[in-house]
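See below for the structure under consideration.
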Amino acid sequence: MTKAPDSAAIRWKEALLALKLLALEPRLGGIALRARAGPVRERWLSAAARLPQPQRKVPHTVTSEDLNGGLDIAATLAAGHEIRSKGILATKGMLVLPMAERLEAGLAACLSQALDIGRHVLLALDEGVDERETLSPALADRLAFHLDLDGIACGDAAAGFGTLPDPEEVSAGEPQIAAIAALAESLGVESARAALFCLWAARAHAALHRARVVRTEDIEAAAKLVLVPRATRIPEPAEPQPAEPERPDRDDTEPDAHEGQGEAIPQDILIDAVRAALPADILSQLARKHRPRGAKGTGKGAKTQGNRRGRPLAPRPGKADGHARLDIVATLRAAAPWQTLRKAHSKRDRLVEIRSADFRVKRYEEKSDSLLVFAVDASGSAALARLSEAKGAIEILLAEAYARRDHVALVGFRGIAAEVLLPPTRSLVQTKRRLAALPGGGGTPLAAGLKAAGQLALQGRGRGMSPTIILLTDGRANVALDGEADRARAAADAVKQARVILNERLEVLVIDVGKRPERALRTLAESMDATYLPLPRANAERVSEAVSTLVA
């Protein structure tokens, strides 16, 4: 969708507005900014430097000791007693984190805990190349504003920061709180923290305009900044509320139920304003739901730990048994506090006394290849359309396979059985050759398709891959697992195979390609704890977008 000519300038003003609201209300936690390094981002950071909080830059390679403080080995050995250094989090202020998408999960949890305490605000600069490289979800949930400066030119970033008013107390009554809660629910925002952020942002917006009570325009501005980036569904238009009949016998001196709580909030106006602010790629956000609770995989290459190769992790206590690699620096750090006590009781004159409990071993983390198993319904009159779109989606995904370490496999089910049409591969040439003769027509043996896809996924897991099944069907199963045409048995067999997949903890994405969403297919997806996504007019681009969002 093409943006309006002035949309970039509007987004720049909203990015500056988020800074002002954060300055007036530090409880908002901070800002997650998606932008590559460049003059526009530098101009925004220059505006951020005008905020009252002292700033400190934190590299993404920061360690836990750098954040929380740790043992100063040189000073401890020289003094003969334990000396600890102060960490970055010891000083209250604003933290600027470049390349935040590369921050290790443990360090993201450490920063999340610091934000919960309320001593810091964070500007997390997400420099990811694509949507798969994103900020830690736990850390992003604690940042009120999620901004994107991509597509903003220097000419669009002409608006200045301006001045900030003195903080004032702003009140919000039950109508305002209820309106924010209703907006969050209508947008599918599940985080209670986001609704609270929206309330605080609305108060700060009112204070910015020197109002003493939260108004409709304050909630609208706050919702666009806080709730819209977190939206997971398009809200339905609000039904107009019927006007209350006049009560002639009402005593004018009788206090109103909402008197002193601010103006009544027109919910239909708020929802219309929020609907207009929803991004054009709301489809990808709809697919970015919670991962299946019981699934072992993540949709992407699973992380495995070893002691030989990969990305270095924090060392752990271990044994010098020849199998693990000893971390000498971490071992000395663990032994340093005990040197004075050990030397006092040691009969041997050694420069450093090291015990087996001090040993720290190195750990590494590497990702396995991911495997996307497409199980495509090739039955019925709509088979040709479904198959053509599946072919296009697979070719789009394979074009990115080398960058994402993906393998792709294809299972087609029609007639009375399922067939593995394409074993796991990363070869685009081989895939096009196999897809060219993909057949279609006949009954819908859904259970056979699930069984074949599950077996292929388990074989891939046995070879060290992280499998994900993508099921494209309209859900109208009519062929049982033994090949007999019986709708009742076909549905029961599909449920049995779904339970097998659930027990194996395989991750599944169910794409409903029927003209109307099928209730039975949604129920089947729930039975295997799968993500269900209705795409009634799915084309290759929409299917590949949905799959890419899942494996991000």
Side-chain angles (χ1 to χ4, degrees), residues 15-34 44-72 82-126 135-147 161 164-170 172 191-208 222 225-226 229-230 314:
L16 294 181
L17 175 60
L19 284 175
K20 295 178 182 179
L21 300 184
L22 182 61
L24 293 173
E25 181 52 90
R27 290 184 297 175
L28 292 169
I31 299 173
L33 181 74
R34 189 169 183 83
W44 186 85
L45 289 174
S46 299
R50 299 182 56 184
L51 270 61
Q53 298 94 337
Q55 293 189 13
R56 181 165 183 178
K57 196 170 185 179
V58 181
H60 75 280
T61 54
V62 66
T63 64
S64 179
E65 289 79 8
D66 295 333
L67 289 176
N68 300 307
L71 185 68
D72 190 327
E82 181 178 335
I83 297 179
R84 306 191 71 85
S85 60
K86 290 186 177 181
I88 295 174
L89 299 180
T91 304
K92 182 178 180 181
M94 175 179 291
L95 306 178
V96 181
L97 178 64
M99 303 179 72
E101 77 283 356
R102 300 191 180 185
L103 189 67
E104 185 181 306
L107 298 177
C110 184
L111 283 176
S112 299
Q113 185 178 23
L115 293 177
D116 288 339
I117 297 174
R119 286 174 48 85
H120 303 84
V121 294
L122 176 66
L123 301 183
L125 308 181
D126 185 349
L135 190 62
S136 161
L139 189 57
D141 188 45
R142 287 163 170 81
L143 305 178
F145 306 118
H146 297 174
L147 306 177
F161 185 77
L164 292 174
D166 295 331
E168 295 185 6
E169 187 68 24
V170 177
S191 172
R193 185 180 284 112
L196 187 58
F197 282 154
C198 188
L199 175 61
W200 290 342
R203 284 177 172 171
H205 189 271
L208 184 64
L225 288 173
V226 178
R230 293 172 164 86

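Using a distance-only test at 3.5 Å, with no hydrogens or angles considered, a donor-acceptor pair links the side chain of His146 to the main chain of Ala140. Side-chain atoms of His205 never come within 3.5 Å of backbone atoms of Ala222 as a donor-acceptor pair (strictly under, hydrogens ignored). At distances below 3.5 Å, not a single donor-acceptor pair connects side-chain atoms of Arg203 with backbone N or O atoms of Glu169. Between the Trp200 side chain and the Arg27 main chain, no donor and acceptor come within less than 3.5 Å of each other.
Taking each heavy atom of His120 and Thr91 in turn, the nearest pair found is NE2-O, 3.0 Å. Contact record, Ala204 with Glu25: CB-CB, 4.1 Å, taken as the closest heavy-atom pair. Asn68 and Cys110 get closest at one heavy-atom pair: ND2-SG, 3.2 Å. The two residues Gly30 and Leu22 come nearest to each other via the heavy atoms N-CD1, 3.8 Å. In plain terms, the two heavy atoms of Leu135 and Ala124 that are nearest each other are CD2-CB, 3.9 Å. Across all their heavy atoms, Leu208 and Leu17 have their closest contact at CD2-CD1, 3.6 Å.
Applying the side-chain contact (heavy atoms from CB on, under 4.5 Å) rule to Gln53 yields the partners Pro26, Leu51, Met94, Val121; only residues at least two apart in sequence or on another chain are considered. Checked against side-chain contact (heavy atoms from CB on, under 4.5 Å), Arg193 has the following partners two or more places apart in sequence or in another chain: Asp116, Asp141, Arg142, Ser191, Phe197.
Side-chain contact between Leu125 and Leu45: present, with at least one pair of heavy atoms (C-beta onward) separated by less than 4.5 Å.
Heavy-atom neighbours of Gln55 CD from other residues, nucleotides or ligands within 6.0 Å: above the threshold of 12.
Here the straight-line distance linking atom CD1 of Ile117 with atom CD of Gln113 works out to 5.5 Å at 0.5 Å rounding. Atoms CG and CH2, on Leu16 and Trp44 in that order, are 9.0 Å from each other to the nearest 0.5 Å.
Partner of Leu143 under the side-chain contact (heavy atoms from CB on, under 4.5 Å) criterion, out of Leu115, Leu123, Ile31, Val226: Leu115 alone.
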Step by step, would you call Leu95 with Leu89 a side chain to side chain contact (heavy atoms under 4.5 Å, CB included)? CA-CA 9 Å; Leu95 306 178; Leu89 299 180; 3.8 Å; yes

Walk me through whether Leu139 and Leu122 qualify under side chain to side chain contact (heavy atoms under 4.5 Å, CB included). CA-CA 10 Å; Leu139 189 57; Leu122 176 66; 3.9 Å; yes

